[in-house]
Amino acid sequence: MTIKLIAIGKTDSKQLQSLIDDYCKRLGFYIKFNLEIIPDIKNVKNLSEAQQKQKEGELILAKISSTDALIVLDENGKQMDSVGFSNYLQKHMNSGIKQVVFVIGGPYGFSEDVYSLAKGKIALSKMTFSHQMVRLFIIEQLYRGFTILRNEPYHHR
């Protein structure tokens with residue numbers, strides 16, 4: 001199985017990008033992982049919230065295959081602890097899916113087209129985080145999930 005993370009916009013902070021790179025490298029020891037960044041949409045000042053979500057949705061969906069399991073990171077999604085998330089990953093691996101795609105949307109969330117194709121919705125927290133921080137958090141949780149599945153000492157129960 002492959003895991004892909006799609007996110008809108010670049011990470012401005014060099015320190016944050018360094019941490020993201022570190023966890024991407026760590027995660028690569030367990031599974032094939034790709035981080036794909038979709039550039040910010042130009043001229044968003046001229047777009048309504050709905051138009052921006054629609055344009056971002058089109059760019060996201062262009063990166064998705066019909067056989068992918070699309071999981072959106074959404075504040076109204078299912079919450080789970082790290083052990084529960086590791087079990088969630090294991091279920092996807094056991095299902096024979098070739099690629100799971102996690103998506104971090106833009107500032108207004110996702111278009112209805114993206115939601116309709118999603119196989120799941122996950123919330124990292126009830127708190128609001130910057131989209132740049134969410135990248136680090138989901139990659140770290142993916143790494144943590146695989147260390148849990150392998151009974152490695154990273155996660156303390």
Side-chain angles (χ1 to χ4, degrees), residues 1-40 56-57 59-111 113-157:
M1 187 175 87
T2 299
I3 294 178
K4 180 170 26 174
L5 175 62
I6 297 174
I8 306 280
K10 64 181 172 47
T11 301
D12 297 329
S13 166
K14 288 180 182 168
Q15 294 90 348
L16 197 52
Q17 187 60 54
S18 176
L19 288 168
I20 290 168
D21 293 343
D22 179 49
Y23 278 99
C24 284
K25 184 178 174 184
R26 290 182 191 201
L27 186 54
F29 290 113
Y30 298 98
I31 196 159
K32 187 175 179 203
F33 176 75
N34 299 308
L35 173 58
E36 201 162 329
I37 304 299
I38 295 174
D40 285 313
E56 289 170 348
L59 294 170
I60 289 166
L61 294 176
K63 308 273 184 195
I64 306 291
S65 161
S66 62
T67 58
D68 292 342
L70 176 63
I71 311 295
V72 295
L73 296 176
D74 184 277
E75 63 189 3
N76 298 313
K78 179 180 179 178
Q79 291 192 30
M80 56 190 100
D81 63 16
S82 295
V83 172
F85 184 61
S86 70
N87 293 330
Y88 183 82
L89 292 172
Q90 185 68 62
K91 284 180 188 169
H92 279 85
M93 288 188 294
N94 292 348
S95 73
I97 292 170
K98 290 186 178 175
Q99 182 164 260
V100 175
V101 180
F102 292 93
V103 182
I104 302 168
Y108 302 115
F110 298 101
S111 67
D113 293 339
V114 173
Y115 280 123
S116 68
L117 281 178
K119 303 279 192 274
K121 276 195 312 191
I122 294 177
L124 293 178
S125 171
K126 291 223 179 265
M127 294 180 177
T128 301
F129 302 113
S130 76
H131 285 73
Q132 295 177 26
M133 296 289 284
V134 169
R135 293 172 200 187
L136 174 61
F137 296 160
I138 187 63
I139 297 167
E140 190 278 340
Q141 283 300 300
L142 287 165
Y143 171 73
R144 182 179 296 273
F146 281 100
T147 64
I148 291 168
L149 292 174
R150 298 245 179 120
N151 291 315
E152 294 177 357
Y154 182 78
H155 179 74
H156 302 285
R157 295 176 199 217

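Atom OG1 of T147 sits about 8.0 Å away from atom CD of E140, to the nearest 0.5 Å. If you take CD1 on I148 and CG on N87, they are separated by 8.5 Å, rounding to the nearest 0.5 Å. Taken from CD1 in I122 to CD in E75, the straight-line distance is 15.0 Å, to the nearest 0.5 Å.
Listed by chain and number, the residues in a side chain to side chain contact (heavy atoms under 4.5 Å, CB included) with S65 are T67, D68 (sequence neighbours excluded). Annotation: side chain to side chain contact (heavy atoms under 4.5 Å, CB included) contacts of T11 (sequence neighbours excluded): L16, Q17, I20, Q132, R135. Residues passing the side-chain hydrogen bond (donor to acceptor under 3.5 Å, both in side chains) test with R26, sequence neighbours excluded: D22. Taking the side-chain hydrogen bond (donor to acceptor under 3.5 Å, both in side chains) definition, one finds that T2 meets it with nothing, sequence neighbours left out. Residues that satisfy the side chain to side chain contact (heavy atoms under 4.5 Å, CB included) test with D113, not counting sequence neighbours, are Q54, L61, S111. Applying the side-chain hydrogen bond (donor to acceptor under 3.5 Å, both in side chains) test to Q90 and every residue at least two apart in sequence or in another chain returns N94. Contacts of Y108 classified as ring-ring contact (aromatic ring centres under 6.0 Å, His included), with partners at least two apart in sequence or in another chain: none. Under the rule for a side-chain hydrogen bond (donor to acceptor under 3.5 Å, both in side chains), the partners of K10 that lie at least two apart in sequence or sit in another chain are D12. By the side chain to side chain contact (heavy atoms under 4.5 Å, CB included) test, S125 pairs with M127, F129, sequence neighbours left out.
Here the shortest heavy-atom pairing between H92 and A69 reads CD2-CB, 4.2 Å. The shortest non-hydrogen separation linking G109 to E56 is O-OE1, 4.1 Å. Residues Q141 and S82 come closest through the heavy atom pair OE1-OG, 2.7 Å. The shortest non-hydrogen separation linking A123 to G77 is CB-O, 3.5 Å.
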Only distances under 3.5 Å count here; give the side-chain donor-acceptor pairs of residues 29-40 to other protein atoms, sequence neighbours excluded, each with its distance to 0.1 Å.
| unit_1 | atom_1 | unit_2 | atom_2 | d |
| --- | --- | --- | --- | --- |
| Y30 | OH | E152 | OE1 | 2.2 |
| E36 | OE2 | K63 | NZ | 3.1 |

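Not a single donor-acceptor pair under 3.5 Å links the side chain of H155 to the backbone N or O of G145.
Residue pairs meeting the side-chain hydrogen bond (donor to acceptor under 3.5 Å, both in side chains) criterion with at least one partner in residues 114-123, sequence neighbours excluded, are D74-Y115. Evaluation of the salt bridge (Lys or Arg N to Asp or Glu O under 4.0 Å) test over residues 80-104, restricted to residues two or more places apart or in two chains, returns none.
Exactly one residue among L70, V72, L5 makes a side chain to side chain contact (heavy atoms under 4.5 Å, CB included) with F102. That residue is L5. With I138 as the partner, the side chain to side chain contact (heavy atoms under 4.5 Å, CB included) test is satisfied by one option alone out of I71, L73, V103, I3: L73.
Looking only at side-chain heavy atoms (C-beta outward), M133 and S13 stay at 4.5 Å or farther from each other. The shortest side-chain heavy-atom distance between V100 and L89 does not fall under the 4.5 Å cut-off.
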*Trace of the side chain to side chain contact (heavy atoms under 4.5 Å, CB included) decision for I64 with I6*: CA-CA 10 Å; I64 306 291; I6 297 174; 3.8 Å; yes
